[in-house]
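See below for the structure under consideration.
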Amino acid sequence: MPENHLPAQNARELTFAQAIREALAEEMRRDSTVCILGEDVAEAGTPFKVLSGLLEEFGRDRVFDTPISEAGFTGLAVGAAMAGMRPVVDIMFGDFVTLTMDQMVNQAAKIYYMSGGAWKVPMVMRTTMGATRRSAAQHSQSLHAWFCHIPGLKVVLPSTPYDAKGLLKAAIRDENPVVFFEDKMMYKLKGLVPADDYTVPLGVADVKREGDDITLIATSSMVQVALGAAVLLEEVGISAEVVDPRTMWPLDEKTLIESVKKTSRAIVLDEGYERYGVTAELAAVIATGAFYDLDAPVKRMGAMHVPIPFSPPLEDATVPTEQTVFEAARALCGR
Amino acid sequence: MTTTVRQETSDKVDLWLRMYRQMVAIRQFETEVNELYTRALMPGLAHLYIGEEAVAVGVCSALERTDYITSTHRGHGHCLAKGASPDRMFAELLGKEAGYCKGKGGSMHIADPATGNLGANAIVGGSAGIATGAAFAAQRLGNGRVSVCFFGEGALGQGVLYEVMNLAQLFKLPVIYVCENNLYNEYTHYSETTAGEIVARPAAFDIESVTIDGQNVRVVNEFAQILVDRARRGAGPAFLLCNTYRYHGHHVGDINREYYRSKQEEQIWKSERDPIVNFGKVLIEQKIADQEALDGIQKEIEAQMKQAVAFAISAPYPDVDEVEEDVYA
Ligand SMILES: Cc1ncc(C[n+]2csc(CCOP(=O)(O)OP(=O)(O)O)c2C)c(N)n1
């Protein structure tokens, strides 16, 4: 069993949301330059109640509500990070990152490089992703691929409470702008989380389940879907390995390639759009790195290439499910 | 002379009764929406317009059917006031094929070309460009249309609003920015997010602005009419600041809200400033209607809304193949 799957002695069961809150609280206690800004983050603790209690502990100077000005407060965070703070920006719905793109892409991402390493931008943007919440096209997208495309940004997609806490702490301590995507459908997911101070380094993939016949490389909530599909596959005699890259950049190519070399088949699962997306990049990494070991073309499964519809039967058709992954894996294994 | 006076009076009576009915219709529609949510019959959430009815009705009553509006996440009232029919609205809220957007948009995205509704928008400030652009097209095409951009005071935080107000004034576009100040951006009082006076912002672009009681439909309508006429004449954009209040939570699930506003505050708005009750009193005082007539309107609309809900509930979902339709025109 990989080391971090061993429950530490002082581990408790926490939800994904609680793990995130704990990571923030611990980092804020540890470093007085860490602060949180965003819409309805203070008293309201965000609409998802992820930040409840932080205002009470840290006060208004460190947890503060902003106007509905995503571009403005993201830009403010960039400047504050350059001038000695470690801001954590909250963008309520991942769909609203569109409003912050100049600040993130043209400013935050490039400042270190453009200044020849003179200025750095140690900030974190926390935001959400994920469909099937019946929130329609402007509140359901998974836009993480946009940031993955930009040199200078790091992109994190945790899939368990354990990873969420460890990765967020690492992200806050990182010297670069890091975008941290939380699937809003996972906030209530439970898992064991140590009360200790630990970090999960950015750039290290995690094998969530070992197997021999096929590798399911999955991100964020798709890890749960892959694990569910793996159980179904087991029933028909197919042993699936589930690998979670955890960070899209830096990317642990080695772990992905090694797994596929072992199993010889791969499906890449991600809730972003398939076209020009994360699945395309990961499939290319595998196709290149494990070319001589592949027994089948790498299969990609992502969100259907449509704006996310509101109507439940339509929305449900847009994302991979345990069943569709199971069927795809079976077909790929010829069974 | 007497005939014109009589005509004017009867026009006014018609308008007032129509506005009253529309406000009741919006409130009843939203009451049903809340009910659908509570009974777990509606997917997702909805942002109720109850308490703010006079703004949508007063403004839209000053518009022609062909004039444009853009709406917000709290948009049911705007859509209904511009002429949308409740049955297709409910169908949309339930994700049904018969809905205004074939179920693809849901509560926050109702759009209807037949009534000039360019669409509700789930991005705060997201429709400022669209409304201004429609006014630009109306001006260039010379079709005499006016465009109204409804938005909550929360949208004052979005930079795009100022970019387009500047453009609107430079080009003298026929657009009215209707700011519905219901005091809260979600769960935060607007005074914590808004520096200075709101009307100082349009003033910076030399845009005509008026601040009014958004709970008084006659006042809203009167000023909207002035600004719309002015825009139609080519005198340029305007900013109508309507002070109002939402009775319910930010959305239907926002039940325990005492951490951001008191029950007492809610009670005062409801008991002293209700736009429907107060307008009903005026109608009775001016002998335009009696209590019985108002009760009749209420009953009739309740029945109509129940019927519309029943239609939506029994309507079929879209075929799953529909998911890939309409991505490109
Ligand atoms: C760009 C953007 N940021 C944040 C949100 C989340 N959000 C939805 S409604 C809302 C508050 C809007 O307040 P206001 O504009 O005053 O409208 P009200 O809800 O009061 O009618 C927020 C922050 C959003 N939809 N779009």
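In the text below, chain A, chain B and the rest are named by the order of the sequence lines, each starting its count at 1. Just so you know, these numbers use all the heavy atoms, side chains as well, and skip hydrogens, waters and symmetry mates.
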What part of A/Glu70 is in contact with chain B, defined as an atom under 4.5 angstrom from a non-hydrogen atom: side chain, backbone, both or neither?
-> both

Pick whichever of B/Met42, B/Glu324, B/Arg257 has the most heavy-atom pairs under 4.5 Å with chain A.
-> B/Glu324

Checking B/Leu93 against chain A: side chain, backbone, both or neither under 4.5 Å from a heavy atom?
-> backbone

Value for CD (B/Glu92) from CZ (A/Phe310), rounded to nearest 0.5 Å, stands at 7.5 Å

Heavy atoms only, distances under 4.5 angstrom: which of A/Gly72, A/Pro307, A/Pro309 has the most pairs with chain B? Name it, please.
-> A/Pro309

Here the ring-ring contact (aromatic ring centres under 6.0 Å, His included) pairs for residues 35-80 of chain A, sequence neighbours left out, are A/Phe48-A/Phe93, A/Phe48-A/Tyr187

Flag yes if more than 12 heavy atoms outside A/Lys299 fall under 6.0 Å of its NZ atom; otherwise flag no.
-> no

Within residues 313-323 of chain A, which positions have a heavy-atom distance to chain B below 4.5 Å?
-> A/Pro313, A/Leu314, A/Ala317, A/Thr318

Can you establish whether the number of heavy atoms outside B/His251 located under 6.0 Å from its atom NE2 is more than 12?
-> yes

Any idea which of B/Val323, B/Val320, B/Val327, B/Asp319 has the most non-hydrogen atom pairs under 4.5 angstrom with chain A?
-> B/Val323

Considering only heavy atoms and a distance below 4.5 Å, find which of A/Val306, A/Thr66, A/Thr98, A/Leu99 pairs most often with chain B.
-> A/Val306

When only pairs under 4.5 Å are counted, which of A/Ala42, A/Ser69, A/Ala71 shares the most heavy-atom pairs with chain B?
-> A/Ser69

Taking everything shown except A/Glu281 itself, do over 12 heavy atoms lie less than 6.0 Å from its CD?
-> no

Which of B/Ile123, B/Leu94, B/Asn121, B/Leu45 touches chain A most, by non-hydrogen pairs under 4.5 Å | B/Ile123

Among B/Thr188, B/Asn185, B/Thr193, find the residue that satisfies the side chain to side chain contact (heavy atoms under 4.5 Å, CB included) test when tested with A/Ile68.
-> B/Asn185

Quick one: which of A/Asp65, A/Ile308, A/Asp95 has the most heavy-atom pairs under 4.5 Å with chain B, could you say?
-> A/Asp65

Under a 4.5 Å heavy-atom cutoff, which of A/His139, A/Glu43, A/His305 has the most pairs with chain B?
-> A/His139

Please name all residues satisfying ring pair (Phe, Tyr, Trp, His ring centres under 6.0 Å) with B/Tyr184, sequence neighbours left out, ordered by chain then number.
-> B/His189, B/Tyr260

Any residues in residues 129-137 of chain A near chain B, with a heavy-atom distance under 4.5 Å, and which are they?
-> A/Arg133, A/Arg134, A/Ser135, A/Ala136, A/Ala137

Under 4.5 Å to a heavy atom of chain A? For B/Tyr328 that would be side chain

More than 12 heavy atoms of other residues, nucleotides or ligands under 6.0 Å from NZ of A/Lys49: is that the case?
-> yes

